[in-house]
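Okay, so here's the structure we're looking at.
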Amino acid sequence: MTVTQRTQNRYLERPAPSSLADVIDTILDKGLVIDIYVRVSLVGIELLTIDARIVIASVDTYLRFAEAVNRLDLTENGPEGLPELMEDITHGAAKQKTDGALEAVKEKVTEVFSGDDEDEDQDYGDEERSRRGRRQSEPAKKSAPNRRRESSRE
Amino acid sequence: MALHVYGVVSAATPLPGGLRGRQEAPVRLVVHSDLAAVVSEVDTDARIRRDDLLGHARVLESLIDGATVLPMRFGMIAETDEEVARNILEPGQSGLTDLLHSFDGFVQLTVKAQHDQGQALRDLLHERPDLRVLRDQTGKGPAFYPAQLRLGEAIAAGLEALVSSDAAMLHDQLSGIADRMVLGDVAGQNQVLNAALLVQRSARTRTDEAIARLSKTLPDRLRLRYIGPQPPYSFVAGELAGEPVWA
């Protein structure tokens, strides 16, 4: 996802097929819903999104911004200074040097679904897996609001 | 075995040959009167993986060039063909048929905009002398901790304002391009806009050109992604069942 963005967007001649991140954005969140047939609970994703919003207004984020800005050399205007700067901002996100700290959170969402070619056990943690397994085999309940409350406690 | 329901089309819709869905199962139609549900068999005990999500999207996307598709949210599972006909197609018959007609000839295209954080910070400091002053008041060491925090907080607020003004600008530009537009949530720090555009299939080329033109006029800090064509996910949300489950 990030790679294509980095390679400039000046020439968006035609739309691209949706990536995994786009799919998560749309098919889990949008589309027709028939309550009695909802069998899949993806609680983990909802929680991660909430986390992302909380983290934005944290002391840690403020300090990282301050540090990034202190290092910013305003005399140069090109993107040359960026790599060093961005490395600093994203020191927590191993692979993502170009985006902000919170992009890493979204990346985590993607990783939840990215274990296909590897060991089966790598895509969810144990706790998450057993929770998910339990929910998926659970008969569908009509009371979505209950499920939501339940999820926010976890 | 159960049935994964991808979406609803008109009964006359031809399926592409050899179309496979989740878990590589062949995709077929459950027809009831003039409507049909797009389904495939699914093992509900298996864990949901990346390919399951992509499979759902790919099946729907493979249909939209030739047909109008009402997409289901991922996760609609029924037991049998009869159940699909009786509980999804039959009660929704008039509603679904109307909905299908209302989207006839339309596809969704999604535009996502994101800030390049480095460039956004740069622009922010160039435009805001007050932030440069704050910056000059900081230094290294614990004594400067409050000053650093003040600076960081002001920067965060500044970036947020920049996101808002860029989002408003993009919103204006894009609303001239689409028949309808729905803004989705933007989660995450550098995300500026997530806009779903509903456009006529026949206007696709014109839309592509308009997006390409727009992308060339934007400031460097803005990165656009242009995704589609998709079924009208963002325009049907919850319409059938009333209260959307996760929304």
Side-chain angles (χ1 to χ4, degrees), chain A residues 5 9-18 20 22-40 46 49 52-53 56 59 61-66 68-70 72 74 79 82 85-86 89 99-103 105-106 113-116 123 129 132 136-137 144, chain B residues 5 44-45 47-51 53-54 56-57 61 70-78 87-88 109-110 114 117-118 121-122 125-126 135 138 148-149 151-153 155-156 187-190 208 211-212 215-216 223-230 233-234 236-241 244-246:
Chain A
Q5 282 160 13
N9 64 44
R10 302 295 105 162
Y11 304 99
L12 291 169
E13 302 300 342
R14 46 179 35 194
S18 36
L20 183 68
D22 303 320
V23 162
I24 289 175
D25 237 27
T26 47
I27 72 174
L28 297 181
D29 195 41
K30 311 273 165 52
L32 289 174
V33 177
I34 295 162
D35 291 12
I36 57 169
Y37 289 125
V38 175
R39 296 285 175 83
V40 181
E46 194 180 27
T49 309
R53 285 176 188 150
I56 289 177
V59 168
T61 312
Y62 293 159
L63 291 178
R64 269 207 301 261
F65 274 140
V69 165
N70 283 332
L72 208 57
L74 290 177
L82 273 185
L85 164 70
M86 299 317 293
I89 294 178
D99 282 279
L102 295 169
E103 194 55 18
V105 178
K106 194 154 190 202
F113 295 98
S114 60
D116 293 42
D123 39 358
R129 188 165 60 250
R132 188 176 295 264
Q136 213 193 135
S137 51
Chain B
V5 185
T44 48
D45 290 331
R47 261 189 299 142
I48 293 159
R49 320 180 61 99
R50 170 176 57 181
D51 286 349
L53 297 177
L54 285 171
H56 180 91
E61 284 170 20
L70 298 177
M72 292 282 174
R73 189 173 299 187
F74 182 93
M76 303 300 140
I77 308 287
N87 293 339
I88 298 178
L109 293 160
T110 302
Q114 181 178 59
Q117 199 176 68
L121 286 175
R122 220 170 262 285
L125 262 76
H126 273 293
R135 183 173 84 141
T138 65
Q148 290 275 44
L149 214 52
L151 171 65
E153 198 172 351
I155 294 290
Q189 199 172 38
N190 299 318
D208 292 355
I211 299 289
S215 72
K216 285 169 195 162
R223 300 272 182 269
L224 281 199
R225 296 181 60 239
Y226 183 34
I227 302 145
Q230 303 163 306
Y233 290 114
S234 305
V236 299
E239 288 207 34
L240 185 63
V245 173
W246 286 297

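Letters A, B, ... mirror the listed sequences (proteins, then strands); counts begin at 1.
Scanning all heavy atoms of the two residues, the minimum distance from A:Leu20 to B:Arg50 falls at CD1-CG, 3.6 Å. What you find for B:Ala57 and A:Val23 is that their closest heavy atoms are CB-CG2, 3.7 Å. Nearest approach of A:Arg14 to B:Tyr226, heavy atoms of both residues: C-CD2, 3.7 Å.
In this structure, OG1 on A:Thr61 lies 13.5 Å from CD1 on B:Ile155, to the nearest 0.5 angstrom. A:Thr26 contributes atom OG1, which lies 8.0 Å from atom NE2 of B:His56 (distance to the nearest 0.5 angstrom). The line from CG of B:Leu53 to CD1 of A:Ile27 is 4.5 Å long, rounded to the nearest 0.5 Å.
In this structure the side chain of A:Asp22 never reaches within 4.5 angstrom of the side chain of B:Thr110, judged on heavy atoms. Inter-residue side-chain proximity for B:Leu151 and A:Asn70 is flagged as met; some heavy-atom pair is nearer than 4.5 Å.
Only the side chain of B:Leu109 comes within contact range of chain A, with at least one heavy atom under 4.5 Å from a heavy atom of that chain.
The most heavy-atom pairs under 4.5 Å with chain A, out of B:Arg135, B:Gln230, B:Gln148, B:Glu61, come from B:Arg135.
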